[in-house]
*Asks:* 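Take a look at this one; I'll ask things after.
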Amino acid sequence: MSEQKRIVIKVGSGLVVSEEERSPRFAFLHGLMADIAQLRSEGYEVVLTSSGAAAIGLDMIGMAPEEAGLQDKQAAAACGQPLIINAYKQIALEFGIDIAQVLLTSEELENARRYQNTKNTVERLLKNGILPIVNENDTVTTKEIRVGDNDRLAAKVTQMIHAEEFVMLTDIDGLYDRPPHEEGAQFVETVTDVADYLDATKGKGLLGSGGMLTKMQAANMAQNAGATARIAKGIIEAPVTSLLDGSRRHTRCTAHGDPQSAWRVWLTDRIQMAGSVTVTAEAAKGLREGTQGIDRHDLIATSGNYQKGDVLHVYDEDGREIGRGLTNFSSNETMLLARCRQDEVSDVLGYSSHSDIIAQRDFALLGDHNLSWDQPDETALALTG
Ligand SMILES: Nc1ncnc2c1ncn2[C@@H]1O[C@H](COP(=O)(O)OP(=O)(O)O)[C@@H](O)[C@H]1O
Ligand SMILES: N[C@@H](CCC(=O)OP(=O)(O)O)C(=O)O
């Protein structure tokens with residue numbers, strides 16, 4: 001890991017693209033790049049995550065943001081992404097900064113092998129002093145592999161490169177304790193636990209995707225990995241350094257004191273979950289005490305159509321989520337293994353295996369800081385009785 005300080009900056013569509021003219025907001029982009037140059041001169045390695053491809057491209061396919069469906073946005077992003085990168089390229093030249101385009105889907109962030117590959121690439125770019133400019137690869141995404149918002153995508157990158165700072169620049173000066181247009185909305189300066197604000201963050205701007213809710217989820221991911229997350233208005237003059245030196249109002253989400261390991265963070269802070277297993281009371285106790293993984297005899301039910309290497313929710317008999325773990329078997333294999341006799345295992349799998357369904361080292365217990373999820377939609381299939 002590098003000794004240098006690292007920062008991930010995320011800029012929202014409304015900052016990058018003018019709502020009226022549907023063109024790059026050059027003044028803002030220029031101010032941002034000047035500040036990135038300043039950060040680099042102070043010893044920061046910087047990764048920029050920029051939205052705006054769909055917002056700028058919608059014009060080219062003749063659609064208004066409020067009427068565009070997913071496919072329209074995907075086509076618009078294909079048109080808009082080169083315009084956005086071209087704008088950054090021109091401006092970065094002025095500051096002598098080389099840029100690189102990094103387009104990701106949740107697969108690059110959540111599949112272990114692709115994650116490692118992507119991490120290596122980003123590390124390589126940083127080593128060469130190149131500024132990676134990240135966006136979701138909207139054109140190729142499907143419902144299954146779509147992150148859908150760059151807040152969480154950028155938070156994942158923050159985790160990936162072990163950045164200390166994560167800054168989300170947007171069209172509002174930070175978090176309010178209720179939707180900001182509501183009377184009496186109060187500005188929130190410091191957030192320790194984002195769970196306190198999840199209900200207060202519905203709604204978003206015209207060009208934005210996730211609103212403040214995904215910013216809270218993203219902040220939580222950064223906090224879990226030991227980074228400070230900041231939410232602030234994107235201004236032209238020193239948009240980021242004015243936050244780090246404390247001279248400008250913004251919302252600061254404090255890094256959790258006891259950051260989790262990279263592996264634990266990767267297992268627990270997910271964008272997609274492939275399915276679930278429900279385990280017996282005895283196994284739940286063992287998992288909570290950290291004394292076991294999940295054996296085929298521990299299973300009560302499973303849901304989802306998952307593959308070996310996917311991450312699953314693990315529930316107890318009462319439907320409480322205990323943790324998340326990487327499965328050694330597909331859903332089909334899991335169902336067969338749960339029901340077969342020991343002497344049938346090799347026949348069922350077509351190879352011999354003594355592996356747990358989820359090994360102890362590949363299971364992460366959920367802690368107070370992990371945001372809980374709804375159970376997956378699929379009806380869990382009983383494996384006993
Ligand atoms: N509690 C809240 N505090 C601040 N902003 C909120 C809150 N709830 C909803 N919002 C909305 O979130 C918007 C920012 O999110 P979004 O439009 O997705 O921006 P971006 O495109 O920068 O990601 C704000 O303009 C505001 O309308
Ligand atoms: N990937 C999309 C942006 C998605 C997104 O999160 O937008 P925003 O809420 O404005 O940060 C695009 O470039 O259009």
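Basis for what follows: all heavy atoms, side chains included, without hydrogens, waters or symmetry-related copies. Bear in mind the structure is a predicted one, so any value in this text is a computation, not a measurement. When a ligand or atom number is given, it counts from 1 through the structure's own listing order.
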*Asks:* side-chain contact (heavy atoms from CB on, under 4.5 Å) with Ile7: which of Val167, Thr228, Ile161, Leu48?
*Replies:* Val167

*Asks:* Relative to the heavy atoms of Asp171, which atoms of ligand 1 are at a distance of less than 4.0 Å?
*Replies:* 13 (C), 14 (C), 24 (C), 25 (O)

*Asks:* Would you call the rings of Phe187 and Tyr176 parallel, tilted or perpendicular, where under 30° means parallel and over 60° means perpendicular?
*Replies:* perpendicular

*Asks:* Any link between Val140 and Tyr115 through a network of hydrophobic side chains (Ile, Leu, Val, Met, Phe, Trp, Tyr) touching at under 4.5 Å?
*Replies:* no

*Asks:* Quick one: does Lys10 get within less than 4.0 Å of ligand 2, heavy atoms only?
*Replies:* yes

*Asks:* About how many Å separate CZ of Arg152 and CG of Asn220, when rounded to the nearest 0.5 Å?
*Replies:* 11.5 Å

*Asks:* Look only at interatomic distance and state if Ala55 has a nitrogen or oxygen under 3.5 Å from any nitrogen or oxygen of ligand 2.
*Replies:* no

*Asks:* With ring centroids as reference points, do Tyr315 and His313 lie under 6.0 angstrom apart?
*Replies:* yes

*Asks:* Could you tell me whether Ser13 and ligand 2 have an N or O pair separated by under 3.5 Å?
*Replies:* yes

*Asks:* Does a donor on one side chain and an acceptor on the other come within less than 3.5 Å for Gln342 and Arg296?
*Replies:* yes

*Asks:* Please report whether ligand 2 has a polar contact with Lys215, defined as an N or O pair separated by less than 3.5 Å (distance criterion only).
*Replies:* no

*Asks:* Has ligand 2 got any nitrogen or oxygen that is less than 3.5 angstrom from a nitrogen or oxygen of Ser51?
*Replies:* yes

*Asks:* Show the numbers, then the answer: is there a side-chain hydrogen bond (donor to acceptor under 3.5 Å, both in side chains) between Gln260 and His369?
*Replies:* CA-CA 10 Å; Gln260 301 161 6; His369 293 314; over 6 Å; no

*Asks:* How far apart are the closest heavy atoms of Ala87 and Leu29, and which atoms are they?
*Replies:* CB-CD1, 4.1 Å

*Asks:* Considering both backbone and side-chain atoms of Ala54, is one of its nitrogen or oxygen atoms within less than 3.5 Å of a nitrogen or oxygen in ligand 2?
*Replies:* yes

*Asks:* One residue to check: Asp138. Relative to ligand 2, which of side chain, backbone, both or neither has a non-hydrogen atom less than 4.0 Å away?
*Replies:* side chain

*Asks:* Is it true that Glu189 and Arg248 have a side-chain N and a carboxylate O under 4.0 angstrom from each other?
*Replies:* no

*Asks:* Can Tyr88 and Ser50 be counted as having a side-chain donor-acceptor contact under 3.5 angstrom?
*Replies:* yes

*Asks:* Counting each atom of ligand 1 from 1 as listed, which ones have a heavy atom of Arg178 under 4.0 Å away?
*Replies:* 1 (N), 2 (C)

*Asks:* Please classify the Met168 to ligand 1 contact at 4.0 Å (heavy-atom distances, strictly less than): side chain, backbone, both or neither.
*Replies:* neither

*Asks:* Counting only heavy atoms, which portion of Lys233 has something under 4.0 Å from ligand 1: side chain, backbone, both, or neither?
*Replies:* neither

*Asks:* Would Gly52 count as a contact residue for ligand 2, given that I'm defining contact as a non-hydrogen atom of the residue lying under 4.0 Å from a ligand atom?
*Replies:* yes

*Asks:* Looking at Glu110 and Lys156, is there a salt bridge between them, counting it only when a charged N and a carboxylate O are closer than 4.0 Å?
*Replies:* yes

*Asks:* Between Gln186, Met212, Lys10, flag the one that comes closest to atom 12 (O) of ligand 1 by a heavy atom.
*Replies:* Met212

*Asks:* Relative to the heavy atoms of Gly12, which atoms of ligand 2 are at a distance of less than 4.0 Å?
*Replies:* 10 (O), 11 (O)

*Asks:* At a 4.0 Å threshold, what atoms of ligand 2 neighbour a non-hydrogen atom of Asn135?
*Replies:* 1 (N), 2 (C), 12 (C), 13 (O)

*Asks:* Hey, is ligand 1 close enough to Gly211 that some N/O pair sits below 3.5 Å?
*Replies:* yes

*Asks:* Enumerate the atoms of ligand 2 whose separation from the nearest heavy atom of Asp149 is less than 4.0 angstrom.
*Replies:* 6 (O)

*Asks:* Looking at ligand 1, does Gly234 have a heavy atom less than 4.0 Å from it?
*Replies:* no

*Asks:* Ser13 heavy atoms, cut-off 4.0 Å: which ligand 1 atoms fall inside?
*Replies:* 21 (O)

*Asks:* Rounded to the nearest 0.5 Å, what separates atom CG in Asp356 from atom CG in Asn328?
*Replies:* 7.5 Å

*Asks:* Give a yes/no on ligand 1: does Ser51 have at least one heavy atom closer than 4.0 angstrom to it?
*Replies:* no

*Asks:* In terms of side-chain geometry, is the basic nitrogen of Arg341 or Glu344 positioned less than 4.0 Å from the acidic oxygen of its partner?
*Replies:* yes

*Asks:* Under 4.0 Å, heavy-atom basis, I'd like to know which part of Thr170 is in contact with ligand 1: side chain, backbone, both or neither.
*Replies:* both

*Asks:* So is there a nitrogen or oxygen of Asp177 less than 3.5 Å from a nitrogen or oxygen in ligand 1?
*Replies:* no

*Asks:* Return yes or no for this condition: an N or O of Ala200 is under 3.5 Å from an N or O of ligand 1.
*Replies:* yes

*Asks:* Salt bridge or not between Asp151 and Lys10? Use side-chain N to carboxylate O under 4.0 Å.
*Replies:* yes

